[in-house]
Amino acid sequence: MEIAFYVSALIAVLATIRVVTSFSPVHAVLYLIVSLLAVAMVFFALGAPFAGALEIIVYAGAIMVLFVFVIMMLQLGGEASAQERAWLQPRIWVGPALLAALLLLVLLSTILRGEAGEVISGELITATAVGGLLFGPWLMAVELAAFLLLAALVTASHVGRLERTPDEETGKGEPR
Amino acid sequence: MNGVPVEHGLILAALLFTLGLAGLMFRRNMLFVLMSLEVMLNAAALAFIVGATAWGQPEGQAMFLLVITLAAAEAVVGLALMIQLHHRFRRLDLDAASRMQG
Amino acid sequence: MMMDSFTTTLVILSFALPLAGTLILAFSGGALGERGSARVGVASVGLAALATAWLIAGFTGGDGTPRTVHLWTWIRVGDFQPAMSLVLDGLSLTMMAVITGVGFLIHLFAAWYMRGEEGITRFYAYMNLFVFSMLLLVMADNLLLLYLGWEGVGLCSYLLIGYYFQNAANGQAAFKAFLVTRIGDVFLALGLFLLFSELGTLNISEILARAPQTWETGSTTVNLAALLILGGALGKSAQLPLHTWLPDAMAGPTPVSALIHAATMVTAGVYLIARLHGIFTLAPDVLLLVGLIGAVSMLLAAFAALAQTDIKRVLAFSTMSQIGYMFLALGVGAFDVAVFHLVTHAFFKALLFLSAGAVIISCHHEQDIRRLGGLWRTLPVAWGGFLVGGAALVALPLVSAGYYSKDEILWEALAAGEPGLMLAGLLGAALTCLYTVRLILGIFHGPANSDNARHARSGTGLAHNLPLVVLAVLSTAIGAWLYPGLHGGVLPPNPGESVEGGHTMVAIIASATVIAGLALAGWLFHYQRTWLARQVERGMGARLWMLWHNAWGFDALFDRLFVRPWQALVRWLRNDLLDQTMSLSAVAARWLNVRLVRSQTGQLRHYAVIMVLGVTLILLFLALAPALGGGA
């Protein structure tokens, strides 16, 4: 179990590094799926099979498919990669990377200085317990989540509607 | 079988989170920014699961569900915005959409 | 006493119908169209008039005791429990009859006058709201409810004066009317506070019952209370010195001038003093002051009316002058006679204003007397209206309604032992003859002085003719006979009732004055036109003309006395030390703004980096704080 945890954690970190550094959108999405699957493996290893299943179905399944669809729709291919290569010069990414590393250091020091001391032995938390919680005392949170999804649906269908842009009408013009 | 210390789970979450954050800061392509956001949300969800299993309480997993809902909503809206951006500027350069100076 | 439910229903209907009309019009959003809006507006007031007529029929058939309809308690704060209750007695019924009856005729006329104007829905919504507020004012059984109506009519007056708001001058006129009457309203509010703190009630009948027990005649408190109420009445009724708003209020549509600034709202001050007569009889000095103010206002306004060139301004000053007569009557304790003149004045002044409206529309919005003339052939209905209304205005003996009420006023003034006030009244009557004849001759006789006058087209149709004919009938002696005199028990007896003889003498003198005045006016304005025109061009005549044309220069005086010192004070206060200290923060904010605005690049990544930097610093601080702070 520990081995499973550490191996999938390593895979997740490596895959994520490739996600943020790769030049091709398609490669990045594939690496992201790998990363998510690895995190799902972590969940299984920790003893949260319900969460792991959801991670695979919703994250790696539904949301990533959405990304792939959009990439296909916008036909992001070879020239996009060249553009990315031009944008990802060292002088651009060094500063943010150092800042992120600093934050990581702070986080790590905080975590390690904490007195949690708990050890995860892999006891299962069943879906039944989660379900009982969600449809009992947390019912309001579920309702809120439903509202959120509805709002996202309405927003997406409104924002995603394509109108004719000014430069299509006049040939040239300020983008709105 | 000694199990995994809770700190290791949290460190993994912190690592993933900072990686996503770094990507968010230095990518100009909106698609990558969105993917970085997904990574960060996923890291937060991971922290919840670690906490839930460490203390043996289902609340963390319920929170994980809410985080996934949030991620789905965020991805949908973000992608819709991205399609609009592509439609208007013919590229996914976030810096192009700076006219409002906001 | 209890009332049967049918009467209660009628009472509620009479004031709820105009309110319903307002609401329907306000929420229709223009969907009713011009005809529909006019129908709703006219019908609601017409039905209210029917309900009032029914109420009066029932009231005169009964024993004539005042009745109260209690609807609900408005507020309940300790002893202070003003009720939503309406009182039905001779006085309030008379006022209701005037408001709904004359109001209905004016609404009907407005349907003709306002044809093709923009925003007719808005016009009728305001008019109905006005009728509702005015009814509330006269039906209220306590002073707080009365004050609600008082402010409501003030608001409607403001809204309707500024009806043609595209013209900035009209907005100014509305503003002026609102502000000047507001000065009076503040006095009235203070008066209400004083009455409540002294008597512990705002119910009118209780006030009138308790006042003689609490105060001695002529005590300081009762004088102060009467003065404060008088202040409110002066503002609303456009008497000296709060009269300057009325001539400017003519900026509104003519039916508005007829309804609000002639027939009903401006007489609210007279109604208020008559309603609170018990307080004024306890303060005889203030009552005399009422009479003096009335007499002075009447004379000054009459002189001012002589030198106006705008039809509506002549009528406005004449309204002020006639209200001066009413105040004169109040001042000698003849409250009943004041209300009598109020009623007849409502008839004939509404007639005059509507006829003026007919002339103005027929002559393509020409209001200048000097540019009219010779219209008696082309506009026979308006001419007839002016003749009958003018006869009533000058109190032509025996045949006109105005004669009966004005004769009563003069007689009561003499009977109350105030011959000076009676002489002022006679002088006023003579002046009234002068400006009335000048107005009628100027509009309808002589040569037509402009193309607008030559190409006048008479109005036609029921909405144009019916109100003029009905009001003309009411302005003759018939109107005076119709006046029921319902005030037995509500108002104290007139001083003239206890004096023997002399009434006939006064009547003869008054009639002689009027006839002499008419003759003089006819001679002056018909045969001596050119001589008059020469006189006003230079020397003394020109100076008098300017003085009267500017209504004795009150506007300029107030401008010097109040407006300019105030503006100077404001200018001085704008830059004092305190203010400069305050503006320091504004300067600092602007300085920071200029620098911070540069960080707004619109680049999302910059924002993200800055945010992360901030979060990292905060976390760093939190992580290090225990180490730095030690055990704390």
**Student:** Is any side-chain heavy atom of B:Leu66 less than 4.5 Å from a side-chain heavy atom of A:Leu148?
**Tutor:**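 A side-chain contact under 4.5 Å is absent here.
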**Student:** Please walk me through it: do A:Phe5 and B:His8 pass ring-ring contact (aromatic ring centres under 6.0 Å, His included)?
**Tutor:** CA-CA 10 Å; A:Phe5 173 83; B:His8 291 192; 7.5 Å; no
**Student:** So what's closer than 4.5 Å to chain B heavy atoms on A:Val58: side chain, backbone, both or neither?
**Tutor:**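 Interface part for A:Val58: side chain.
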**Student:** Rounded to the nearest 0.5 Å, how far does CG of B:Leu79 lie from CZ of A:Phe67?
**Tutor:** 5.0 Å
**Student:** Taking side chain as everything from C-beta outward and backbone as N, CA, C, O, which of these in A:Val42 sits under 4.5 Å from a heavy atom of chain B? Side chain, backbone, both or neither.
**Tutor:** side chain
**Student:** Got B:Ile11 and A:Leu112 here, is their nearest side-chain heavy-atom distance under 4.5 Å?
**Tutor:** yes
**Student:** Could you look at A:Val130 and say if it's the side chain, the backbone, both or neither that has a heavy atom under 4.5 Å from chain B?
**Tutor:** both
**Student:** Looking at A:Pro137, A:Ser22, A:Ala127, A:Ala12, which makes the most heavy-atom pairs under 4.5 Å with chain B?
**Tutor:**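 The candidate making the most pairs under 4.5 Å is A:Ser22.
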**Student:** Give, as side chain, backbone, both or neither, the part of B:Val50 having an atom under 4.5 angstrom from any heavy atom of chain A.
**Tutor:** both
**Student:** Which bit of A:Leu66 comes within less than 4.5 Å of chain B, counting heavy atoms only: side chain, backbone, both or neither?
**Tutor:**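 Contact with chain B is through both the backbone and side chain of A:Leu66.
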**Student:** With respect to chain B, which residue among A:Phe43, A:Phe50, A:Trp93 yields the maximal number of heavy-atom pairs within a distance under 4.5 Å?
**Tutor:**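 Option with the greatest count: A:Phe43.
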**Student:** Output the distance between atom CD (B:Glu38) and atom CD1 (A:Ile63), rounded to the nearest 0.5 Å.
**Tutor:**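 One finds 5.0 Å between CD of B:Glu38 and CD1 of A:Ile63.
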**Student:** Between B:Gly78, B:Ala71, B:Pro58, who has the most heavy-atom pairs with chain A when the cutoff is under 4.5 Å?
**Tutor:** B:Pro58
**Student:** Heavy-atom cut-off 4.5 Å, strictly under: side chain, backbone, both or neither for A:Trp87 against chain B?
**Tutor:**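 Looking at A:Trp87, just its side chain touches chain B.
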**Student:** Side chains of B:Val4 and A:Tyr6: does their closest heavy-atom pair fall under 4.5 Å?
**Tutor:**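 A side-chain contact exists here, since the closest heavy-atom pair is under 4.5 Å.
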**Student:** Non-hydrogen atoms of chain B under 4.5 Å away: do they reach the side chain of A:Val13, the backbone, both or neither?
**Tutor:** both
**Student:** Is A:Leu108 in contact with chain B via its backbone, its side chain, both, or neither, using a 4.5 Å heavy-atom distance?
**Tutor:**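 For A:Leu108, the contact with chain B is made by the side chain alone.
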**Student:** What residue, out of B:Leu10, B:Asn42, B:Leu21, has the most heavy-atom pairs lying under 4.5 Å from chain A?
**Tutor:** B:Asn42
**Student:** Does any backbone or side-chain atom of A:Leu133 lie under 4.5 Å from a heavy atom of chain B? Answer side chain, backbone, both or neither.
**Tutor:** side chain
**Student:** Rounded to the nearest 0.5 Å, how far does CG of B:Leu15 lie from OG1 of A:Thr16?
**Tutor:**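 Taking OG1 in A:Thr16 and CG in B:Leu15, the distance rounds to 9.5 Å.
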**Student:** Using non-hydrogen atoms only, which part of B:Leu70 is less than 4.5 Å away from chain A: side chain, backbone, both, or neither?
**Tutor:**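 For B:Leu70, heavy atoms of backbone and side chain both lie under 4.5 Å from chain A.
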**Student:** Which atom pair, heavy atoms only, marks the closest approach of A:Leu54 to B:Phe64?
**Tutor:** CB-CE2, 4.1 Å
**Student:** To check you understand the geometry: which heavy-atom pair defines the closest contact between B:Met35 and A:Val29, and what is its length?
**Tutor:** SD-CG2, 3.6 Å
**Student:** Can you tell me which portion of A:Leu134 sits under 4.5 Å from chain B's heavy atoms? Options are side chain, backbone, both or neither.
**Tutor:**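 The answer is the side chain of A:Leu134.
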**Student:** Out of A:Ala152, A:Ala101, A:Ser157, A:Ser35, which one racks up the most heavy-atom pairs below 4.5 Å with chain B?
**Tutor:** A:Ala152
**Student:** Please name the pair of heavy atoms, one in A:Val20 and one in B:Arg27, separated by the smallest distance, quoted to 0.1 Å.
**Tutor:**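 Looking at all heavy atoms of both residues, the closest pair is O-NH1, 2.5 Å.
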**Student:** Please classify the contact of A:Phe69 with chain B as side chain, backbone, both or neither, using a heavy-atom distance under 4.5 Å.
**Tutor:** neither
**Student:** Could you grab the distance from atom CZ of B:Phe32 to atom CG of A:Leu32, nearest 0.5 Å is fine?
**Tutor:** 10.5 Å
**Student:** Would you say A:Glu55 and B:Ile49 make side-chain contact, with heavy atoms under 4.5 Å?
**Tutor:** no
**Student:** Checking the side chain of B:Gln84 only, and the main-chain atoms of A:Arg161 only, is there a donor and an acceptor separated by less than 3.5 Å?
**Tutor:**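 Judged by distance alone, yes, a pair lies under 3.5 Å.
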**Student:** Which residue out of B:Leu41, B:Leu65, B:Val39 racks up the most heavy-atom pairs below 4.5 Å with chain A?
**Tutor:** B:Leu65
**Student:** Please classify the contact of A:Leu107 with chain B as side chain, backbone, both or neither, using a heavy-atom distance under 4.5 Å.
**Tutor:**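 Only the side chain of A:Leu107 comes within 4.5 Å of chain B.
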**Student:** For A:Ile71, is it the side chain, the backbone, both or neither that has a heavy atom under 4.5 Å from a heavy atom of chain B?
**Tutor:** side chain
**Student:** Heavy-atom distances under 4.5 Å only: say whether B:Glu59 touches chain A with side chain, backbone, both or neither.
**Tutor:** both
**Student:** Of all of B:Gly23, B:Ala73, B:Ala22, which one pairs up most often with chain A through heavy atoms under 4.5 Å apart?
**Tutor:** B:Ala73
**Student:** Which bit of B:Leu19 is near chain A, if near means a heavy-atom gap under 4.5 Å: side chain, backbone, both or neither?
**Tutor:**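 Both parts, heavy atoms under 4.5 Å.
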**Student:** How far apart are the closest heavy atoms of B:Gln61 and A:Ala48, and which atoms are they?
**Tutor:**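 Nearest pair, atom of B:Gln61 first, then A:Ala48: NE2-CB, 3.3 Å.
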